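Not measured: the values here are computed from a predicted model. Residue numbers start from 1 in every chain, and the chains themselves are labelled A, B, ... in the order their sequence lines are given, proteins ahead of strands.
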Number of protein chains: 2
Amino acid sequence: MKLFKNGVIIMDRRQQKTRAAIFQAFTALLGEESYSRITVQEIIDRANVGRTTFYAHFETKDELLKALCENLFCHIIASAEDCSHTHGLYCDGSAPESIFCHLLQHLKENDSNVLGLLSCESNEIFLRFFKDSLCELIRSQFDMQKHPFGRKVPADFLVNHISGSFVEMVLWWIRGRMKQTPEELDCYFRSVIEPVL
Amino acid sequence: MKLFKNGVIIMDRRQQKTRAAIFQAFTALLGEESYSRITVQEIIDRANVGRTTFYAHFETKDELLKALCENLFCHIIASAEDCSHTHGLYCDGSAPESIFCHLLQHLKENDSNVLGLLSCESNEIFLRFFKDSLCELIRSQFDMQKHPFGRKVPADFLVNHISGSFVEMVLWWIRGRMKQTPEELDCYFRSVIEPVL
DNA sequence: ATTAAAGAGAACAAAATGTTCGTTACAATA
DNA sequence: TATTGTAACGAACATTTTGTTCTCTTTAAT
């Protein structure tokens with residue numbers, strides 16, 4: 001099914017196409033009904049691929065979901081990592097280009113319809129995935145810093161607090177139809193996070 | 001199916017039993033496999049009720065889930081509401097009996113196995129439900145208070161931030177095998193929340 | 001003791017799952 | 001360009017799950 005070359009996975013152009021078609025169909029369906037109600041039949045009908053083809057790519061619906069998550073967040077997190085290398089987490093209070101602002105802007109652009117998935121009926125799954133990625137990102141940046149709360153509160157707790165708050169904020173933003181700009185949101189976030197950094 | 005008396009629902013003792021049996025079986029199954037993999041057949045086998053009986057109580061598996069959530073959190077939130085009436089949200093910084101500490105202690109006691117559900121594979125569903133209940137509770141307490149952030153950050157944002165942070169903390173606590181006492185956790189939470197109140 | 005309702009259990013159609021074929025179409029090589 | 005491997009097709013299939021419809025029995029409330 002998959003060919004390996006120099007350690008990286010090379011995909012047949014056909015595979016890429018069907019994979020993309022399945023992802024797209026699945027994403028669209030998630031906007032229409034809850035995850036548990038979506039059937040493989042619906043997916044392959046919309047994606048216009050054969051039944052066998054689907055099962056050749058994904059063992060189950062759950063696997064498809066997982067693969068979609070990985071696809072989605074690896075991009076957004078990678079670009080945030082890039083950003084954090086040059087600017088750091090929140091070292092200087094006045095940095096206009098924080099990771100968080102960067103992430104929010106990235107979300108606003110909404111490539112590959114992350115927002116659609118984060119606001120669909122079954123968004124909890126994506127939220128958890130998003131948060132897990134975020135935790136890793138923040139942790140890698142965090143232990144570099146010395147924080148005054150060092151003894152009072154464990155660093156692990158703080159990493160979770162920051163990631164969790166951010167994800168919950170994004171959810172709040174989306175549910176409120178995204179009336180605020182990324183910059184406004186970033187300002188809110190700094191207000192509640194910087195006092196504890 | 002259901003009899004009404006003075007506006008409240010009165011249940012036949014038989015109904016109560018089967019309902020309880022179904023809830024219990026469902027809860028146990030959620031600890032063993034993911035929600036999407038659980039079948040109605042498994043539930044009725046474990047609960048030892050007939051197929052017809054199940055569908056007389058719940059239209060779908062999703063409805064059962066929803067009913068379970070409502071059952072779970074109405075108790076825990078009601079007792080927290082009680083507590084908040086006497087002590088307020090976080091008015092005085094040294095109150096040993098905050099809503100949050102109360103909630104954590106309540107969770108620690110773990111009646112009706114809330115912790116099991118919050119740590120099972122499909123816990124996202126319960127988390128959202130928990131957070132929604134919490135948001136309402138905090139909102140009802142919050143707008144009574146005057147907070148210094150009044151202009152800088154919307155109250156709505158703060159309510160979401162507090163509820164969200166709390167839920168994320170509980171999740172972190174459970175995932176870390178609950179090594180901290182409710183009092184320790186409450187202390188952590190105050191450290192990150194009181195600066196923004 | 002009477003009555004109304006709930007559960008058991010079997011049987012059923014319809015839908016969804018997951019697998020196995022042989023055949024066709026295409027993509028990456030030489 | 002010809003060759004070769006393999007992805008996709010599609011039809012057919014057994015199996016599982018769903019949701020409904022019966023009849024009959026048991027139980028709770030009064």
Side-chain angles (χ1 to χ4, degrees), chain A residues 1-26 28-30 32-68 71 121-122 125, chain B residues 1-26 28-30 32-68 71 121-122 125:
Chain A
M1 176 90 186
K2 278 164 190 166
L3 285 170
F4 288 83
K5 209 168 199 173
N6 316 333
V8 291
I9 301 166
I10 298 295
M11 267 206 197
D12 193 315
R13 203 175 300 148
R14 288 169 295 179
Q15 287 184 60
Q16 292 179 38
K17 276 184 190 170
T18 53
R19 216 178 148 82
I22 291 174
F23 276 147
Q24 201 180 348
F26 186 48
L29 285 167
L30 277 165
E32 294 169 20
E33 54 183 337
S34 85
Y35 174 69
S36 57
R37 292 208 167 281
I38 296 174
T39 65
V40 174
Q41 194 61 52
E42 285 177 299
I43 299 170
I44 63 178
D45 282 350
R46 174 108 34 141
N48 200 32
V49 297
R51 186 162 205 75
T52 20
T53 310
F54 177 89
Y55 283 109
H57 280 265
F58 308 100
E59 283 196 1
T60 62
K61 213 176 65 177
D62 283 3
E63 287 295 314
L64 165 60
L65 181 69
K66 205 179 142 199
L68 180 62
N71 255 21
E121 202 179 336
S122 314
I125 317 167
Chain B
M1 175 89 186
K2 278 165 192 167
L3 286 170
F4 287 83
K5 211 168 198 173
N6 318 330
V8 290
I9 302 167
I10 298 296
M11 265 205 200
D12 193 315
R13 203 175 300 149
R14 289 170 295 182
Q15 287 184 59
Q16 292 179 39
K17 276 184 190 170
T18 52
R19 217 179 147 82
I22 291 173
F23 277 148
Q24 200 179 350
F26 186 47
L29 284 166
L30 277 165
E32 295 170 20
E33 54 183 337
S34 85
Y35 173 71
S36 58
R37 291 207 167 283
I38 296 174
T39 65
V40 175
Q41 194 61 50
E42 284 177 301
I43 299 171
I44 63 177
D45 283 350
R46 175 108 33 144
N48 199 32
V49 297
R51 188 163 203 74
T52 19
T53 310
F54 177 89
Y55 283 109
H57 280 264
F58 308 99
E59 283 197 0
T60 63
K61 211 175 67 177
D62 284 3
E63 288 294 316
L64 166 61
L65 181 70
K66 206 179 143 199
L68 180 62
N71 256 19
E121 203 181 335
S122 314
I125 318 167

Whole angstrom value for the distance that separates P of C/dA16 from CG of A/L29:
13 Å

How long is the line joining CZ of B/F54 and P of C/dG9, in whole Å?
17 Å

Is there any protein nitrogen or oxygen under 3.5 Å from a nitrogen or oxygen in nucleotides 20-28 of chain D, and what are the pairs?
from   : atom 1 : to    : atom 2 : distance (Å)
D/dT27 : O2     : B/R14 : NH1    : 2.9

B/S122: partners by side chain to side chain donor-acceptor pair (under 3.5 Å), with sequence neighbours left out:
none

A/K66 NZ/CZ over A/F58 ring centroid, <6.0 Å and within 45° of normal
no

Answer yes or no: are there more than 12 heavy-atom neighbours, outside B/Q24 itself, under 6.0 Å from its atom CD?
no

What residues form a side chain to side chain donor-acceptor pair (under 3.5 Å) with B/S34, not counting sequence neighbours?
B/S36

To the nearest Å, give me how far apart CG (B/L64) and P (D/dT17) are.
17 Å

Considering only heavy side-chain atoms of B/V49, the closest of D/dA8, C/dG7, C/dA8 is C/dA8

Rounded to whole angstroms, how far apart are NZ on B/K61 and P on C/dA16?
14 Å

Looking at A/T53, I'd like to know whether one of its side-chain N or O atoms comes within less than 4.0 Å of OP1 or OP2 on D/dC9.
yes

Protein-nucleotide distance (B/R19, atom CZ; C/dA6, atom P), rounded to Å
13 Å

On a heavy-atom basis, the closest approach of A/F54 and A/T60 is CZ-O, 4.5 Å

Using a 4.0 Å cut-off on heavy atoms, which residues in residues 35-46 of chain A reach DNA chain C? List them by number, or say none.
A/T39, A/V40, A/Q41

Please give, in whole Å, the distance from C/dG18 C1' to A/E63 CD?
15 Å

Would you indicate whether the side-chain heavy atoms of B/Y55 and B/V40 approach each other to under 4.5 Å?
yes

Any residue meeting side chain to side chain donor-acceptor pair (under 3.5 Å) with B/R14, in chain and number order, not counting sequence neighbours:
B/D12

Among the nucleotides D/dA7, D/dC9, C/dA8, which one has an atom lying closest to any side-chain atom of A/Q15?
D/dA7

Run the side chain to side chain donor-acceptor pair (under 3.5 Å) test against A/Q41 and tell me which residues pass, sequence neighbours left out.
A/D45, A/R51

Below 4.0 angstrom, N of the basic side chain to O of the carboxylate: do A/E32 and A/R37 qualify?
no

Phosphate oxygens OP1/OP2 of D/dA8: is one of them under 4.0 Å from a side-chain N or O of A/H57?
yes

